[in-house]
J.: 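My questions all concern the structure below.
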Amino acid sequence: MVFRRQRLRTRAVARNAARTGFVVIDRRLPVAVSAKRLLRKAFPDHWSFLLGELALYSFVVLLLTGTWLTLFFDAGTTQSTYRGSYAPLQGLPVSAAYDSTVHISLDVRGGLLIRQLHHWAALIFVAAIAVHMLRIFFTGAFRRPREINWMIGVTLFLVTLLEGFCGYSLPDDLLSGTGLRTANTIVMSIPLVGSYLAFFVWGGPFPGHVLNGRLYILHVLFVPGLLIALITVHLILVFYLKHTQWSAPGRTNRNVVGRPLFPHFVAKSTGLFFLVFGVLAVLAATVQINPVWEYGPYRADQVSTGAQPDWYVGFLEGALRLMPPWETAVAGHTVMWNVLLPAVVLPGVLFLALYGYPLFERFVTGDRGEHHLCDRPRDRPTRTALGAAGIVWYAVLLAAGGNDVTAFSFHLSVNALTWLFRVLVVLGPVLAFVVTKRICLALQSHERRLLTEGQETGEVVQSVYGALEPRHADVAPERLYRFLVRDLPVPEPAPGPDAPARRRLRAALSRWYYGRGVRLPMTPEQRRHVEEALAEPERGTR
């Protein structure tokens, strides 16, 4: 009885202290109002909006495992004789970086599990960012007011590639050393300044002795700090600008419909985190990745057989392999087009296109309004076709990066396979564009037929004349809303020949983008509801 009273008294004191502290803070900061608004913030419940969280939780796993690995890893390049437990390496000269990596993998308890968990999390992190960006691209979620957040996301993806390359290169094994040899060639291919830049980065002629330490500092300090800053700004803008949402009854361009942050979204998101962690742990425990003890230490005169980079830079490897051996000698200097174009110009053009696409589409449409409803990919056939063409182009380059392995596995000619990929990298995206656009237009035509003829019920009726006809029913209200509520720009009419070149270019692009859309029939009442749903929100109403 005495203990029970003491326990109740302690709880009352703690409760009063917490209440007093909250009141003191709330009088000086808007804690109550901000917390209430934050906890009641609506989040969409569609699965596609969880792709960004997959990237976030993979990054959390990366931070946790990377912190643990720094306790055992040594990035030094000082050579010593291997004396560890792996017999095939006994007596070989190895660097401190390679020695510590093998030590973590084979001698530290749980080291191999943590190291593979870190590597798998890195691959999933990059993949989740890429798929998340594709979702944003195909649904038009990059439009105003989210153009800056899209550019932050592209920067985040670019910095993630740098972080992955730094981590991939740290073990100083034969595979990562081959990648650094390629990177050194890419840097040296830059006209005029390439050789000076390579000398500065590597601290002398390749392989140098300072790059590994610099990569380590970048990998564990500067780049993670930049990633954390970019992710923080990205999430702040997501909270401030609100989420986009799929069109459905009750959802318009002026509201946000979804589950509140607490408790629904917090519970679902927490479950997703443990699911991501569990899947990564299973992968790390059962699927081997990057066995550096089998590759051996890096030697400048050796190349790892079947060397393949991680998938996110595999397209550069493929581009290098497909490029013809073109070189030009100018004033005593050799311009290596076979390296400069695929490894420097091509990725530069790719990221420039990613950064500038929201501005380009806004130029084509002339639209300056806010958009908070997601586009269905079929409703924007040209944009969807461009995205499909980009995916096919990337896939062809990625496959070309392993042309030697493919040729060896299937007993094919490497030269024939290389020429096949050269043809596919040009024709593949074009074919993907045409097919994807036709599919989108066919889906739109199918929806038009559903609206005009009705939806088949699966029943067949016989008329008084003996004819058999399928029975149709009206489209369900939710599908009808999804069909009709779509924001389709009207193609700009062709201006006269005296119009400025900018306007004529814009009109031509507008007709190419939106000239072949299928217009759906709707009643005046339905048109009024569609216009109300797509009306631009007033400032501060969402």
Side-chain angles (χ1 to χ4, degrees), residues 66 69-70 72-82 89 92-105 115 119 122 158-226 290 292-305 307-310 312-314 316-317 320 327 332-336 338-340 342-344 347-348:
L69 289 173
T70 57
F72 301 92
F73 182 73
D74 182 0
T77 56
T78 304
Q79 296 287 317
S80 62
T81 303
Y82 180 76
L89 292 176
L92 290 179
V94 296
S95 65
Y98 183 80
D99 190 14
S100 63
T101 304
V102 176
H103 176 71
I104 292 172
S105 303
R115 181 172 164 267
H119 202 134
L158 180 60
V159 174
T160 301
L161 297 183
L162 173 62
E163 175 74 345
F165 174 76
C166 292
Y168 171 85
S169 305
L170 283 178
D172 198 29
D173 60 296
L174 189 56
L175 183 61
S176 65
T178 303
L180 284 177
R181 171 80 266 186
T182 304
N184 180 264
T185 304
I186 292 173
V187 174
M188 293 189 66
S189 70
I190 302 175
L192 300 180
V193 300
S195 57
Y196 301 101
L197 187 60
F199 192 90
F200 169 76
V201 172
W202 272 264
F206 184 85
H209 298 286
V210 299
L211 181 63
N212 226 47
R214 293 174 177 177
L215 290 177
Y216 182 67
I217 295 300
L218 285 174
H219 185 69
V220 303
L221 182 61
F222 291 107
V223 180
L226 183 57
N290 198 23
V292 296
W293 56 90
E294 294 184 0
Y295 302 145
Y298 177 65
R299 293 290 178 269
D301 59 341
Q302 298 179 10
V303 176
S304 177
T305 303
Q308 302 293 315
D310 283 338
Y312 47 85
V313 291
L316 289 180
E317 178 78 12
L320 286 168
E327 294 182 355
H333 298 277
T334 301
V335 180
M336 299 185 295
N338 57 327
V339 179
L340 178 67
V344 179

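All values below were derived from every heavy atom in this structure, side-chain atoms included, with hydrogens, water molecules and symmetry-related copies excluded.
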J.: Looking only at heavy atoms, which two atoms of Asn338 and Glu327 are closest? And how far apart?
T.: OD1-CG, 3.9 Å
J.: Drop me the distance from Leu197's CG to Asn184's CG, to the nearest 0.5 angstrom.
T.: 10.0 Å
J.: Is there a side-chain contact between Arg299 and Pro93 in this structure, where contact means two heavy atoms from C-beta onward sitting under 4.5 Å apart?
T.: yes
J.: Identify the two heavy atoms, one from Trp202 and one from Arg214, that lie closest to each other, and give their separation to 0.1 Å.
T.: N-NH1, 4.4 Å
J.: Roughly how far, to the nearest 0.5 Å, is OG1 of Thr160 from CG of Leu226?
T.: 9.0 Å
J.: Could you tell me whether a side-chain N or O of Asp172 sits under 3.5 Å from a main-chain N or O of Tyr98, the two making a donor and an acceptor?
T.: no
J.: In the structure I gave you, are the side-chain heavy atoms of Leu320 and Thr182 within less than 4.5 Å of one another anywhere?
T.: yes
J.: Heavy atoms, side chains only, cut-off 4.5 Å: are Leu89 and Pro297 in contact?
T.: yes
J.: Can you name the residues that form a ring pair (Phe, Tyr, Trp, His ring centres under 6.0 Å) with Phe165, not counting sequence neighbours?
T.: none
J.: Testing the basics here: between Val187 and Ala198, what is the closest heavy-atom pair and its distance to 0.1 Å?
T.: CG1-N, 3.7 Å
J.: What heavy-atom pair brings Ser95 and Gly76 nearest, and what distance separates the two atoms?
T.: CB-O, 4.1 Å
J.: What residues form a ring pair (Phe, Tyr, Trp, His ring centres under 6.0 Å) with Phe222, not counting sequence neighbours?
T.: none
J.: Do Met188 and Val193 make a side-chain contact, defined as non-hydrogen atoms from C-beta onward lying under 4.5 Å apart?
T.: no
J.: Could you check whether any side-chain N or O of His219 sits under 3.5 Å from a backbone N or O of Gly167, counting only pairs where one atom can act as donor and the other as acceptor?
T.: yes
J.: Using 0.5 Å steps for rounding, measure from the CD atom of Glu317 to the OG1 atom of Thr178.
T.: 9.5 Å
J.: Within the 4.5 Å heavy-atom criterion, are Thr185 and Phe206 side-chain neighbours or not?
T.: no
J.: Go through Leu180 and Ser176 one step at a time and tell me if the side chain to side chain contact (heavy atoms under 4.5 Å, CB included) criterion holds.
T.: CA-CA 6 Å; Leu180 284 177; Ser176 65; 5.6 Å; no
J.: For Ala97 versus Leu170, what's the shortest heavy-atom pair and its separation?
T.: CB-O, 3.6 Å
J.: Could you check whether the rings of Phe73 and Tyr216 sit parallel, tilted or perpendicular, using 30° and 60° as the cut-offs?
T.: tilted
J.: With heavy-atom distances below 4.5 Å as the criterion, would you say the side chains of Asp173 and Thr101 are in contact?
T.: no
J.: For residues Arg115 and Asn290, determine if any side-chain heavy atom of one lies less than 4.5 Å from a side-chain heavy atom of the other.
T.: yes
J.: What is the distance from atom CG of Leu218 to atom CG of Leu162, rounded to the nearest 0.5 Å?
T.: 6.5 Å
J.: For Ser100 and Phe72, work out which heavy atoms get closest and say how close.
T.: CB-O, 3.8 Å
J.: How far does CG of Leu211 sit from OG of Ser169, to the nearest 0.5 angstrom?
T.: 7.5 Å
J.: Quick one: does Tyr168's side chain get under 4.5 Å of Leu175's, heavy atoms only?
T.: yes
J.: Let me confirm one number: the CG-NE2 distance from Leu69 to His119, rounded to the nearest 0.5 Å.
T.: 12.0 Å
